[in-house]
There are 2 protein chains.
Amino acid sequence: MAYRETEKMRLRKAAARQRIAECTYECVAEGGFRNARITRIAQLANVATGTIYRHFESKEDLFAEIFRQATQREIDKVTKALATPGSATERLEKALRQFAERALKGPVMAWSLIAEPVDPKVEEERLAYRKAYAGLFEQAIREGIEEGCIPDQNPRQSSTCLVGAIAESLVGPLSPTQIGQATEKETENNDQLVNTIICFCIQGLTGTRR
Amino acid sequence: MAYRETEKMRLRKAAARQRIAECTYECVAEGGFRNARITRIAQLANVATGTIYRHFESKEDLFAEIFRQATQREIDKVTKALATPGSATERLEKALRQFAERALKGPVMAWSLIAEPVDPKVEEERLAYRKAYAGLFEQAIREGIEEGCIPDQNPRQSSTCLVGAIAESLVGPLSPTQIGQATEKETENNDQLVNTIICFCIQGLTGTRR
DNA sequence: CCAAAGAATGAATCAATATTCACTAATAGC
DNA sequence: GCTATTAGTGAATATTGATTCATTCTTTGG
C-alpha cells in the first residue's frame with residue numbers, strides 16, 4: 001500500500017482547477033465561448049490539453065461551470081442593488097443601472113451570458129440565470145405596485161419585458177463590431193446610452209416621464 | 001463552334017439558383033445559419049453539393065444573399081406600416097406590432113436576423129439592416145416630436161433603444177427552448193406578450209400610460 | 001449524329017478542433 | 001530506495017463540415 005490523496009495534493013489540484021477556470025473566463029471575456037478553445041485555455045493555464053480533461057468531464061461541463069460562476073456574480077450585484085433602502089422605483093433604477101453598466105464594461109462577456117449560442121448544458125444554466133433575474137425584478141415590481149409608485153400590471157410579464165429590453169438594448173450595440181476597449185468618447189456615449197435605457201425602462205414601467 | 005448560352009438555359013440556371021436560395025431560407029428558418037449545412041441545402045434543393053458552388057461563390061456569399069433578401073422583406077413591411085395615415089405614435093405602434101408579430105411567427109428566423117453570430121460578410125448585411133431600422137424609427141420619432149405627440153428627445157438614441165428593446169424582448173423568449181410551432185395557448189400568450197412590449201415601448205417613448 | 005462548351009456530380013480532400021490514451025513524472029507510505 | 005497509485009502530457013485520432021476537381025451528363029449549333 002502506498003499512495004493516498006493528501007491535503008497538499010488536494011490543494012494543488014484545486015489550484016489547477018481554479019487556474020483553468022480563470023483562464024477559461026479570460027478567454028470567454030475576450031471572444032466569447034465560441035472563441036475559447038481548449039488548446040488556448042491549456043496554454044494560458046500552463047497545462048497540457050489532456051490535463052483539462054482530468055479536471056472537467058468535457059468542454060461543455062467546463063463552460064457550464066464558468067457560466068454558472070459568472071452569472072452568480074452578476075446576480076449578486078443586482079440583488080444587492082435591489083436590497084438598498086428607497087422606493088421600489090429607485091431600487092429598480094439602481095439595479096438596472098448596475099446591470100447595464102457592468103454589461104457595458106465587459107461587453108463580450110455580457111453578450112456571451114445573454115445571447116451567444118451555447119451547448120445545451122450551458123443553455124440550461126442560462127435558463128436558470130434568466131429566471132433568477134426575472135424573479136428579482138418581478139418581486140421589486142410587485143413591491144412597487146403595493147407601494148403605489150408603479151401602476152398595476154402583471155409583474156411577471158413586465159419583468160420579463162424589462163429583462164428583455166435592457167439585455168437587448170445592450171446586446172445590440174455591443175455584439176458585432178465594437179470589441180475594442182472603451183475610449184473616453186465611448187465611455188461618455190455609454191453613460192448617455194445607459195441613461196437613455198434606464199429612462200426608457202422606468203417610463204415603460206411607470207408611465208412617468210422624468 | 002457549338003454551345004452558346006440560350007434563354008432556356010439562363011432560365012433554368014436562374015431557377016436552380018432560386019431553388020437553392022429558397023431551401024437555404026428554409027434551413028435557416030428551421031435552425032438558424034449555424035444549422036444550415038451545405039449538404040442539407042443541396043439535398044433539399046435536389047442538387048449535388050458541388051452545384052451550389054456553381055451558383056454561389058461560397059457558403060458565406062450564399063448566406064449573405066439570403067440575409068439581404070430576408071431583411072429586405074422585413075424592412076418593407078415596417079416601412080409600409082409607417083406609411084399609413086395617423087399620428088406618429090399610432091404609426092409607430094403599428095410598425096412595432098408588425099415587427100413583433102412577424103418575429104413571433106418566425107422566431108428562429110428573427111433570431112438569426114437579429115442576433116445569431118454570423119460570418120463577417122453576413123454581419124455586414126446585418127449592420128445595414130440595423131441602420132435601416134434605426135433610420136425608419138428615428139424618422140417617425142422626429143415626426144412625432146414635431147407633431148407634439150412625443151416629448152422632445154434624441155431621436156437617434158431613442159430609436160436605437162427602441163429597436164434594441166423590441167428585438168431583445170423577442171430574442172429572450174424565443175431563443176432557448178421554444179422551437180416548436182405555436183399552439184393555440186401559445187398564440188394567445190404571444191398576443192399578450194406583444195401587447196405588453198408595445199405598451200412598454202410606447203410608454204418608454206411618450207411617458208404616457210394607456 | 002457530332003463536336004464543342006458548359007453544367008452537374010459527389011467522392012475525395014482539407015481544415016479546424018475536441019477528445020483520447022499510451023506513456024512519463026510525481027507523490028505517498030513503507 | 002522501492003512500489004503502488006495517481007497526475008500530467010501531448011501526439012495521435014475522431015469528428016464535423018466546407019470546398020475542390022476529375023469525371024460524367026446536357027445542350028447547342030451545324
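Throughout, a chain's letter reflects where its sequence line sits, starting with A, and its residues are numbered from 1. Not measured: the values here are computed from a predicted model. In what follows, every heavy atom counts, from backbone to side chain, and hydrogens, waters and symmetry copies are set aside.
In summary, B:R34 and B:E116 do not engage in a salt bridge, as defined by a charged side-chain N under 4.0 Å from a carboxylate O.
Legend: residues meeting side chain to side chain donor-acceptor pair (under 3.5 Å) with A:Q18, ordered by chain and number and at least two apart, are A:E22. Applying the side chain to side chain contact (heavy atoms under 4.5 Å, CB included) rule to B:A16 yields the partners B:R19, B:H55; only residues at least two apart in sequence or on another chain are considered. Judged as a side chain to side chain donor-acceptor pair (under 3.5 Å), and not counting sequence neighbours, A:T49 has no contacts. In terms of the salt bridge (charged side-chain N to carboxylate O under 4.0 Å, His left out) criterion, residue partners of A:D61 (sequence neighbours excluded) are, by chain and number, A:K121. Partners of A:T24 according to the side chain to side chain donor-acceptor pair (under 3.5 Å) rule, which considers only residues two or more places apart in sequence or in another chain, do not exist here. Applying the salt bridge (charged side-chain N to carboxylate O under 4.0 Å, His left out) criterion to A:R73, with sequence neighbours excluded, gives no partner residue. Shown here are the salt bridge (charged side-chain N to carboxylate O under 4.0 Å, His left out) partners of B:K131, two or more places apart in sequence or in another chain: there are none. Annotation: side chain to side chain donor-acceptor pair (under 3.5 Å) contacts of A:N195 (sequence neighbours excluded): A:R97.
Of the residues in residues 36-45 of chain B, B:R37, B:I38 come within less than 4.0 Å of DNA chain D through at least one heavy atom, sorted by number. Taking a 4.0 Å limit (strictly below) on heavy-atom distances, residues 13-24 of chain B reaches DNA chain C at B:K13. Of the residues in residues 49-60 of chain A, those lying under 4.0 Å from DNA chain D by heavy-atom distance are A:T49, A:G50, A:T51, A:R54, A:H55.
Counting only distance, with no hydrogens or angles, the side chain of B:R91 and the backbone of B:A140 share no donor-acceptor pair below 3.5 Å.
Taking atom CG on B:N35 and atom P on D:dG17, their separation rounds to 9 Å, with Å as the unit. Counting to the nearest Å, the C1' atom of C:dA28 and the CD atom of A:E7 are 14 Å from each other. Summarising the geometry, the separation between CZ on A:F63 and C1' on C:dT19 is reported as 14 Å, rounded to the nearest angstrom. Summarising the geometry, the separation between CG on B:L11 and P on C:dA7 is reported as 14 Å, rounded to the nearest angstrom.
Partner of A:E125 under the side-chain hydrogen bond (donor to acceptor under 3.5 Å, both in side chains) criterion, chosen from A:R130, A:Q72, A:R68, A:Q69: A:R68.
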Below 3.5 Å between N/O atoms, which protein atoms pair up with nucleotides 23-27 of chain C? Just atom names and distances, please.
from	atom 1	to	atom 2	distance (Å)
C:dT27	OP1	A:R12	NH2	2.3

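Side-chain atoms of B:M9 and B:R12, non-hydrogen and from C-beta on, do get closer than 4.5 Å to each other.
Below 30°, between 30° and 60°, or above 60°: for B:Y133 and B:Y129 the angle between ring planes is above 60°, a perpendicular geometry.
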